[in-house]
Amino acid sequence: MKKILILLLLTIVFYSCNGENPVTEISVIPQPVSIEKTNSSFELNENTTIVFEYGDDGFEKVALYLQKEISKMHHLRLKVMTSGNHPPKNTILLLQDIKTDYGDEGYALISNKNNIQITSRTPRGGFYGTQTLLQLIDVKQTESGFEYNTSIAGVKIFDKPEFTYRGMHLDVCRHFYDKEFVKKYIDLLAMHKMNTFHWHLTEDQGWRIEIKKYPKLTEIGSYRSETMIDKNWDKFDGTPHSGFYTQEDIKEIVKYAEDRFITIIPEIEMPGHSLAALAAYPEFGCNGGPYKVAKTWGVFEDVYCAGNDNTFKFLEDVLSEVIELFPGKYIHIGGDECPKEQWKKCPKCQQRIKEEGLADEFELQSYFIKRIEKFLIANDKKLIGWDEILEGGLAPEATVMSWRGTEGGIEAAKSGHDVIMSPNSDCYFDHYQADPKNEPLAIGGFTSLEDVYNYYPIPEELSANEAKHILGAQANLWTEYIATPEHLEYMILPRMCALSEVVWSNKQTKNFDDFKIRLKKHLYRLGSQNYNFRMPE
Ligand code: ACM
Ligand code: ZN
């Protein structure tokens with residue numbers, strides 16, 4: 001009894017001195033379109049029931065997701081049932097309303113002392129509503145760990161996103177990240193209502209996806225003998241680096257993402273950044289090699305031979321397996337940073353230029369991309385490439401990812417092509433985020449939390465009609481100098497939280513000072529889920 005009393009006293013003392021925890025009332029990130037606070041709050045307990053709209057598998061999936069997430073917080077396993085004979089009170093209702101103007105991703109969330117009701121036109125909207133609900137469950141740090149509140153504020157929230165494309169990229173080639181970490185990364189995207197994961201799977205320094213028809217791609221291409229140290233181009237760590245995803249791993253991750261309403265866009269780089277593939281199959285390079293998986297960073301002269309039909313046969317075989325694995329409509333084919341030196345010297349490439357009546361090697365690159373696009377379209381997929389695919393003429397239906405600034409995106413949108421904005425000025429999370437003196441070594445650049453927050457994806461140069469081609473934005477995370485999950489999380493958090501407001505929140509409601517206040521609470525949330533982050537000033 002004495003022991004219990006002491007424990008009780010300790011608890012009370014602790015509760016009363018946890019004033020260092022932030023006290024902002026509601027802190028949802030990304031900020032919803034509107035929030036109205038009401039007086040009555042909802043109390044979660046072991047009898048709370050999650051009720052989902054009957055007749056749509058999607059809502060059941062959302063209900064089960066919510067059940068699982070709440071069980072992680074409260075160790076409560078809430079009952080889940082379809083609507084109909086559900087209890088009148090103490091329920092979390094996921095309801096469908098096909099007549100609402102929330103769009104396909106929006107929702108309304110109303111909580112009061114009796115129930116919490118999330119209404120949406122689609123299960124996806126319901127999912128985003130549950131993400132907001134999970135953020136209404138306050139978390140605070142205590143001596144024994146993180147503690148979640150059972151009381152949920154009374155609110156009326158209406159919400160829908162500003163942009164349809166809300167993405168994060170991850171380079172798993174410069175440094176490999178395993179399946180479990182990729183899932184953790186996807187969880188982070190889901191929490192921030194992102195809907196696209198751009199998975200950069202092939203590079204000079206490593207090929208990371210199993211292709212059954214070409215086993216050497218992973219047997220040879222996924223392995224490099226060592227890696228350059230820091231920025232010393234002639235000093236190496238002597239440590240092999242390797243790793244790849246089997247097709248079973250990929251299926252598991254695609255399903256994991258799908259359950260969180262996230263589409264994966266796989267990137268298979270061509271014609272440049274392909275040394276790892278050439279190390280495995282040198283016959284697809286201009287000079288036959290031998291080639292080695294790169295140990296240093298940068299851009300390499302050895303690229304796929306554009307004059308060899310077997311190169312295209314190889315790439316189409318690879319893409320056929322990729323298409324089978326990824327159900328989304330887009331395939332990213334890279335297209336960036338392809339030096340033309342080898343093509344200038346290669347008789348086959350020169351022959352192709354002559355035969356096709358091309359003006360130069362830039363038009364040869366355009367020929368390359370257009371030929372691949374034809375194959376993708378024939379297989380019911382759409383091609384995305386980095387903005388270099390504009391050079392020499394854009395493929396007819398290509399979507400452009402604008403990374404060398406916004407000019408490529410502007411040009412593409414003006415010519416009627418869809419665009420995803422990812423300018424290195426505001427969306428490169430491998431850049432420094434604060435004074436390099438006090439930061440871990442980064443590739444360079446500088447993109448602060450505020451820079452990210454203040455970015456707006458639609459350039460002023462575009463008319464309202466042209467602006468419709470800007471689907472949204474994404475941040476890129478290249479991992480040359482990022483070798484561990486902790487460091488990776490440090491680079492994206494909290495910048496990704498800021499990005500989520502760029503792509504989701506209404507431009508009129510954006511306010512950096514308010515974001516910073518909400519972020520304080522959000523960082524506890526991230527900490528409680530075991531994410532590392534950089535503490536903003
Ligand atoms: C890129 O950063 N090379 C797309
Ligand atoms: Zn060639």
Side-chain angles (χ1 to χ4, degrees), residues 167-171 173-174 198-205 265 267-275 277-278 281-289 291 294 297-315 332-356 358 360-361 363-365 367-369 371 384-391 399-409 412 419-431 442-445 447 473-482:
M168 281 294 294
H169 153 285
L170 177 62
D171 164 16
C173 302
R174 272 52 178 266
H198 171 174
W199 203 1
H200 185 78
L201 287 164
T202 73
E203 254 304 336
D204 298 307
Q205 296 83 3
I265 298 180
E267 181 180 353
I268 307 296
E269 268 271 18
M270 62 188 80
H273 286 296
S274 42
L275 257 185
L278 293 179
Y281 295 97
E283 60 269 38
F284 304 128
C286 284
N287 59 27
Y291 307 102
W297 316 128
V299 173
F300 297 87
E301 271 188 19
D302 289 312
V303 302
Y304 290 123
C305 177
N308 182 352
D309 281 333
N310 291 334
T311 305
F312 290 96
K313 169 80 173 67
F314 162 76
L315 288 170
H332 200 304
I333 53 76
D336 60 320
E337 299 178 321
C338 178
K340 310 292 186 291
E341 278 74 8
Q342 290 298 326
W343 288 358
K344 283 183 187 154
K345 287 189 260 185
C346 171
K348 283 190 197 140
C349 285
Q350 290 306 312
Q351 179 66 16
R352 177 85 73 199
I353 287 176
K354 226 192 276 156
E355 271 171 23
E356 297 291 331
L358 307 171
D360 54 19
E361 288 72 23
E363 289 199 5
L364 183 58
Q365 154 127 350
Y367 164 88
F368 196 115
I369 305 296
R371 186 161 164 175
I384 299 190
W386 300 110
D387 56 61
E388 284 93 331
I389 67 171
L390 282 151
E391 294 165 3
T399 297
V400 171
M401 206 168 252
S402 191
W403 75 277
R404 297 177 298 176
T406 55
E407 294 76 14
V419 172
I420 290 139
M421 282 298 189
S422 194
N424 51 11
S425 48
D426 304 277
C427 296
Y428 268 47
F429 291 177
D430 54 343
H431 285 177
I443 200 154
T447 303
Q474 77 172 31
N476 298 332
L477 193 69
W478 304 103
T479 57
E480 285 94 333
Y481 296 98
I482 305 171

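Computed from a predicted structure; not experimentally measured. Whatever order the structure lists ligands and atoms in, that order sets their numbers, starting from 1.
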- Query: Looking only at protein heavy atoms, which one is nearest to atom 3 (N) of ligand 1, and how far off is it?
  - Reply: D336 OD2, 2.7 Å
- Task: Using distance alone, with no hydrogens and no angle criterion, decide if W403 and E388 have a side-chain donor and acceptor under 3.5 Å apart.
- Result: yes
- Go through ligand 1 atom by atom and flag the ones less than 4.0 Å from a non-hydrogen atom of W478. 1 (C), 2 (O), 4 (C)
- Going from CE on M168 to SG on C427, what distance comes out if it is rounded to the nearest 0.5 angstrom? 9.5 Å
- Message: To 10 degrees, how wide is the angle SG (C349) to the Zn ion (ligand 2) to SG (C305)?
- Response: 110°
- Message: Checking E267 against W386: is there a side-chain donor and acceptor pair closer than 3.5 Å?
- Response: yes
- Message: Quick check for you: with the Zn ion (ligand 2) as the vertex, what angle do SG of C286 and SG of C346 span, to 10°?
- Response: 110°
- Message: Which of the numbered atoms in ligand 1 are under 4.0 angstrom from any heavy atom belonging to E337?
- Response: 3 (N)
- Task: Taking only heavy atoms of Y428 into account, list the atoms of ligand 1 that are under 4.0 Å away from them.
- Result: 1 (C), 2 (O), 4 (C)
- Query: Just how far is it from atom CD of Q474 to atom CE of M421, taken to the nearest 0.5 Å?
  - Reply: 12.5 Å
- In this structure, which one of H431, H169, H198, H273 forms a ring pair (Phe, Tyr, Trp, His ring centres under 6.0 Å) with W478? H169
